[in-house]
Each structure stands twice: as structure tokens, then as C-alpha cells.
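Just follow the structure's listing: the first ligand is 1, and inside any ligand the first atom is 1. Bear in mind the structure is a predicted one, so any value in this text is a computation, not a measurement.
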Amino acid sequence: MVKQTIQIFARVKPPVRKHQQGIYSIDEDEKLIPSLEIILPRDLADGFVNNKRESYKFKFQRIFDQDAKQETIFENIAKPVAGSVLEGYNGTIFAYGQTGSGKTFTITGGAERYSDRGIIPRTLSYIFEQLQKDSSKMYTTHISYLEIYNECGYDLLDPRHEASSLEDLPKVTILEDPDQNIHLKNLTLHQATTEEEALNLLFLGDTNRMIAETPMNQASTRSHCIFTIHLSSKEPGSATVRHAKLHLVDLAGSERVAKTGVGGHLLTEAKYINLSLHYLEQVIIALSEKHRSHIPYRNSMMTSVLRDSLGGNCMTTMIATLSLEKRNLDESISTCRFAQRVALIKNEAVLNEEIDPRLMIKRLQKEIQELKDELAMVTAEQRTEALTEAELLQLEKLITSFLEDQDPESRLEVGADMRKVHHCFHHLKKLLNDKKIFGNNTVSNTVSSESKDRDCQEPLKEEEYRKLRDILKQRDNEINILVNMLKKEKKKAQEALHLAGMDRREFRHSQSPPFPPGNPEEGQRMRLSSAPSQAQDFSILGNRSSLLHKKTGMREEMSLGRQEAFEIFKRDHADSVTIDDNKQILKQRFSEAKALGESINEARSKIGHLKEEITQRHIQQVALGISENMAVPLMPDQQEEKLRSQLEEEKRRYKTMFTRLKALKVEIEHLQLLMDKAKVKLQKEFEVWWAEEATNLQVNSPAVNSLDHTKPFLQTSDSQHEQSQLFSNKSSGGWEVQGQGTGRFDVCDVNARKILPSPCPSPHSQKQSSTSTPLEDSIPKRPMSSIPLTGDSQTDSDILAFIKARQSILQKQCLGSN
Ligand code: ADP
Ligand code: MG
């Protein structure tokens, strides 16, 4: 049993703007516990509490400042927890902090760069690497991904889900057994045998989460997400199975209601979410107080699910994510206070071992049989009659399966019958002789002992005959070796031919651009050709792609107008820069992987050649020895040694390149998943926008039949609400929204700029509205604003032509004003 308090770490996020940074300092004296001091300016403190405190100091296990890399966070925080999980203990890592403080960035990772991948992908990578290294146990890994929103659980990995809204996902409910163990009904566990499979599940869950989110529910900030790795391990022959769970938790934003500054529906929700975190806090307070017998776990779903992680059988770690900008200082102080209370909680982690009843029965049956056999031996019940045909056959079968069994502890159980024991020995001897396991030695030993006996008696002729017979035997052996080599070479040549074929296919693939024009969804799939096993690995990518496609309801068929609108939307979207950047990196990695694959193939054939040369050399030496009548050459062969050191060098090179290729493969896989996700996001935003336009058209169409009567469309939260509602209604059977309304819609007035696609729309530009210039003000605050649509592809094309014209005018205006 391991007793441990919950470990607390702090991570400070880099500020969006340097000058907004609040004052804080980190004291990391090696002898002292690290501490974080936050200075609250007097005016802020005034409004915050009455006693005018200015400096707040908090202790943490470690504090990671703004420049801490994801790698450092993994190494220091997640790796030790993953290590305990591999040993069989439960583990939990949860991120707590206000919205925007970096919880998702820390737990899952950034959506742009490979180096930004967070704790989940790195932990998966680490766990699978360790499992591969450890051949002493048999492991199975399962993944589940749960989202809790408004006290309801949703299974993010539901395989049947046609993603559209959170409510469509299967609801997960809590069941408690008589021993007060929590079970989650409807939460699917998916087996993952490789890192790739597990990563695919993570991205599938994230994509489902993203698609299910609407501007109304803002699930990403208001829900808790629990990604769980379930690990079971068993030693061969043992009936004991170890189970361990690792929860990686991205909690809802911890900001308080007073700060959200929203009314109506959103306010109710904000309170509700805080209620869930409030219950978490209550549990934590109860746990940190001694002699509290009742811990209110049952008050909320999240505390019920994480019951073991809080004051139970688990090694738990909390990461307090802090955004220390001036306006966030008070929230950061709350986060630190929460962490201090969490640090008082003591957990007791035990090894979760369990006896598998089926294995236990087998073991006991075996033991009974052994005891019976022993008894028979002791009571000396001897049998003399010959074994029957059936018994012999049965014995031979037993021997075969015994020889084939890889388990080092397997035994050949024939019972206490000496006739059977003897027969087994006879049979094994026969097998050994047949297979010539003692091959040359036996032959040469027999030959030499025979010859010794005769040496002094036989005449010279007999001597010559013996020599010739020896040489013949040697030649026979050499021929055998050569035939074997030839077979191997032939096999290699066939493999090389096969690989070369794959290479050519891959080359053709890599020449086409990652996103062929006119089919934006179809990403490039990769296949490397360095080893057959890898080709197999990469086929998973294809599966993932189609899986994601199916999951996200991405469609192939769009009307021409809509396709064009999508192209423009995509081009002008801020994320397209990220997608393009990643495309570039992916291209580089592809060519690097391809070149590496080629070098690996070269190294492999070089290794083959060197081996062949060494064997040839060896055969020559032996032949020389025979012709000069020497058993072994006197001098060590320098040429052969040189070849051997070359071979070693080549093998090292091969290994290094292979390791690099493996790493590249993971990186490429990750980048492709990031791009898939970005594309789904883009598509989703496009669909939302498209649906908004449709609503807008319906609302405006009767009044907007002529150029001069067009009204600019201004976004209000109400209209946003209506549009989202419409979107979610319309999209309930997938997220495609068909063009609605048939009225013509033409736009032309002084305010027309407000309803045209922005030349540089981005989510960031929306957030920065308060500092925008008059020109920026005239540019819409949403990715693309009202353009009409009819659902009719011809009309859509007209509209598109119009948009393009307006866009170029707008761009000129932008340029002119600069
Ligand atoms: P939360 O999940 O707490 O709401 P996010 O993880 O979404 O916050 O982070 C908000 C933004 O800040 C994201 O754009 C993210 O990429 C960025 N970010 C967060 N932490 C860091 C960090 N340590 N380094 C760089 N960017 C960060
Ligand atoms: Mg988040």
C-alpha cells in the first residue's frame, strides 16, 4: 500500500499580451518547498476583500513557469503517475483552473504543433512503449472517454453516434453495487492494442466533443472530460490479474458566476457548473478535515466518478493552471487556495489484484491431478502390459503440444505411469535424431571414434577411403548451407520486389497534393515501406480516416456554389494557416520518412550482403583448412573480422534509422489527426455559418427583393440563439443543413461591407473587438456574414461570383487604408 497526499503542481500560462501580465514570483530554492507569490495591486485588492492584503503566497510540489515545455510537464508530472499505473496502482491527473488558463492545452495539447501534444498522447506513447518492453507479463489496454455536462454523462466514444449534438450521445448513468463500488452504465470501453489505436480513440472523442458543442452549451468550458486508460496485466501461468485505471481529467472552467457577466440561460448554466465544482470543493473540504465520517461524494456525478481519486485508492495529482494576467489574478488566487486544500487529502493506493476464477479452477485441477499421480507412485501401482495404439497416439500429441508451448513453465504431464514416461523419452530421442539436432557433431563424433578404432589396423587404402568419405560429408554440409542460403536469398529478393512495388505506389501517392482540389475532405494517407510490419500499422490510418469521416458526418457531395463558398470560407479562416503549416510539415516529414525508408532498405540489403560475404569467407577458410589438412585455420582471419565490424556498424546504423522512422511515424500520425480535427472544426463552423445565412435569408427574404431594400444583418445574441437552435434542429440527423428558403436575395448598400465575407476573419479578431479601428469595425465580426443562399446550385454560384467581386473590393479598401 502506498500512502500519499494528493500532489499539487502549478503551471503558469504565457499571457496573451505581455503588458497585461500581473506581478508574481516563483521561489524554487532547492531546500525549501517551492512557492508562488502573487501580488495583487491595492485597487484590485480593495474591490476583492476588505483587509487590503496585497501579497499571496502558495506552496506547490513544483511550479512551472510560462516557458515550461509540454515535454517537461509530462516528464515531471505524468510520467511518475503512468509508472505507478503500470505497476498496478490507480492514478488520476486533473487540471483545475479558470477558462483559458491552459487546462485543455496541458491535458490534451494544442491543436497546432506536434510538440504541443499534451499529457494524454504522451502518456499513451509512454505506456505502450513500456508494455512492448516488458515481455514478462500479458497486458490488455482499454480506453473510455466520458464527458459530464450539466450532471449528465455522455459517452464520447459511442461507435454508433452520428455526431450532431451532445444530447444525441448515449447517456451514461451511475450504478452503485452493495459494496459501494461505482459502475458506469453505457460507457463503452474500447480495446487499444497499439498507441495508434489509442490515439485514434482520443481524437475521435475530441472530434465528437467538438461537434456536439454549440455556441449555446459551450461544452468545452462548461463540462468535465475524463479520459481513462484501463490496464490489466497477468503473468503467464498465474491466476492473479492486476487492474489499474488512469484518469486524465480536464475539468470545467473554475470561474465564478459573478465574473461571467451574462444573464438569462447562460447565468443559470454558469451557476450549475460551479455547483458541480462547488461539490468537488465540499468533498475536498470534508476529506481534509479529520474525523469527518460522511463525505458527500454522491452530490454530483463528477465526484461520484472520481470517488477513488479523492481520498481513496488512487495516486492523485492536481495541476493548477494559472493565467496570471492582471484581470485574472483573483481567479488565480482562488485556484491556488483550492490547490492548498487539495494538498491536505491523503490517499491510500493499493495494488488492485484479483484472482481470475477460471484460471484458479484450472490451477486447482492441475494440482489435484499431480497429487493423484504422486499417490499412485507412492502406492507403487505398477503396470506391465503394453500401451495401446490410442494411448501412444495420445502421448505423442501431448509431446507435440509440449514442444510447441512457448510458456517456459509448461510441463509434460503423463501421470505416474512409468511405461508412459519411458515412451516419452523414446519419442523425444527419435524426434531429436530425425531433426538432426545434434547434426554434424554426432556424425563427426561417430565418424572420428569409429576411425580411431580402425586407424592402426586398416591398410592405407582404408585410410584414403575414410578421408574421401570425410570430405564428402563436409561437402554435403556445405551444400546444405548453400541451399539454405539460396532459399533465404530468394525469399529476400521476393520481399524486395514486393517492397519496391509498394515504394512506387507510395511515391505516386506522395506526388499528389495532400488535399486534391475539389475534394477538401480527402486527406493524404501515408504508407511507409521500410518494413512489412509498418505497412500493416499504417493501414490503421486509413481506417481512422474513414471512421472519422463517418463519425463527423462529413459529406462528399456539396452543391457547386456551396463548395465554392466553403473554399472561400476555408481560405479566409484563421485556422487555414495552421492547416497549411501542418501540411507543409507533413510533407517534409513524408519525404524524410521516405528517404529514411530507402536508407533502411539499403542498410538491410548491405547487412545481407555482408552476412553472405562472411559466410563465403568462412566456407573458403574451411575448404582451405580441409585441402591443407588442418581442422581449423591457424591464423585468425583478418578479412573476416573486418567484415564483421562492418556488419556491426551497419546494424547500428539500421537500428538508429529504424528508431527515427518509428518516431516519425508517430509524429506523422499525430499531425494527420490534428489536421483531421482542424478540418472537421472548419467544416463545422462553415455549416453553422451556412445555417445562419439560411435563417437570415428566411427572415429577410420577403423584404429584400431589390438591391436598395437590403438590410444589413447584425448579430445579436438572440438571433444567434435562434440560428443555433435552427442549426441543431435541422442537423439532428447528421450535421448537414440543406439550403433553406427560395427567395432571391441581393445585396448592395453602404453597409454592404458588414454582410460580406471578411478578408481576414478569425476567432481572434472576434475577441479583439474592443480595440478595433473604424475600418476593422466595418469588417464583420464573424468568419463570414450574411450571404444569401437558396439551396439551388446555380443561384449559389451567382452568389459566389458576387461575393468574390465584393471581396476583392474590400481587400483593395483594406490595402488602401494601410
Ligand atoms: P482551458 O482549457 O483552461 O479553457 P486552453 O487549454 O483552451 O484553456 O487554453 C487557452 C489558450 O491558451 C489556447 O489557445 C491554448 O493553446 C493557449 N495556451 C494555454 N496554455 C498554454 C501554454 N502553456 N503555452 C502556450 N499556449 C498556451
Ligand atoms: Mg478547455
Taking distance alone, with no angle check, do Gly102 and ligand 1 share an N/O pair under 3.5 Å?
-> yes
Is the number of heavy atoms from other residues, nucleotides or ligands under 6.0 Å of Leu189 CG greater than 12?
-> yes
Spell out, as yes or no, whether a donor-acceptor pair under 3.5 Å connects the side chain of His573 to the backbone of Asp575.
-> yes
Sub-4.0 Å heavy-atom approach of Thr99 to ligand 1 = yes
Numbering as shown, the atoms of ligand 1 that approach Gln98 to under 4.0 Å (heavy-atom distance) = 3 (O)
Any side-chain donor paired with an acceptor under 3.5 Å for Asn208 and Tyr154?
-> no
For ligand 1, is Gln66 a contact, meaning one of its heavy atoms is under 4.0 Å away?
-> no
Between Pro14 and ligand 1, which part of the residue brings a heavy atom under 4.0 Å of the ligand: side chain, backbone, both or neither?
-> side chain
Heavy atom of Gly100 under 4.0 Å from ligand 1?
-> yes
Any N/O/S of Thr104 under 2.8 Å from the Mg ion (ligand 2)?
-> yes
Pair Gln21-Gln66, side-chain contact (heavy atoms from CB on, under 4.5 Å): steps then yes or no | CA-CA 11 Å; Gln21 182 70 66; Gln66 301 173 16; 2.8 Å; yes
Donor-acceptor pair, side chain of Glu147 and main chain of Ile226, under 3.5 angstrom | no
Are any of the side-chain nitrogens in Lys684 or Glu687 under 4.0 Å away from the carboxylate oxygens of its partner?
-> no
Numbered in order shown, the ligand 1 atoms found under 4.0 Å of a heavy atom of Lys103 are 1 (P), 2 (O), 3 (O), 4 (O), 6 (O), 8 (O)
Does a side-chain N-to-carboxylate-O contact under 4.0 Å join Glu71 and Arg122?
-> yes
Report the member of Asp250, Thr104, Asp67 with the shortest heavy-atom distance to atom 2 (O) of ligand 1.
-> Thr104
Give a yes-or-no answer on whether the side chains of Gln98 and Ser254 include a donor-acceptor pair shorter than 3.5 Å.
-> no
Is ligand 1 less than 4.0 angstrom away from at least one heavy atom of Ser101?
-> yes
For ligand 1, is any non-hydrogen atom under 4.0 Å from Arg11's backbone (N, CA, C, O), its side chain (CB onward), both, or neither?
-> side chain
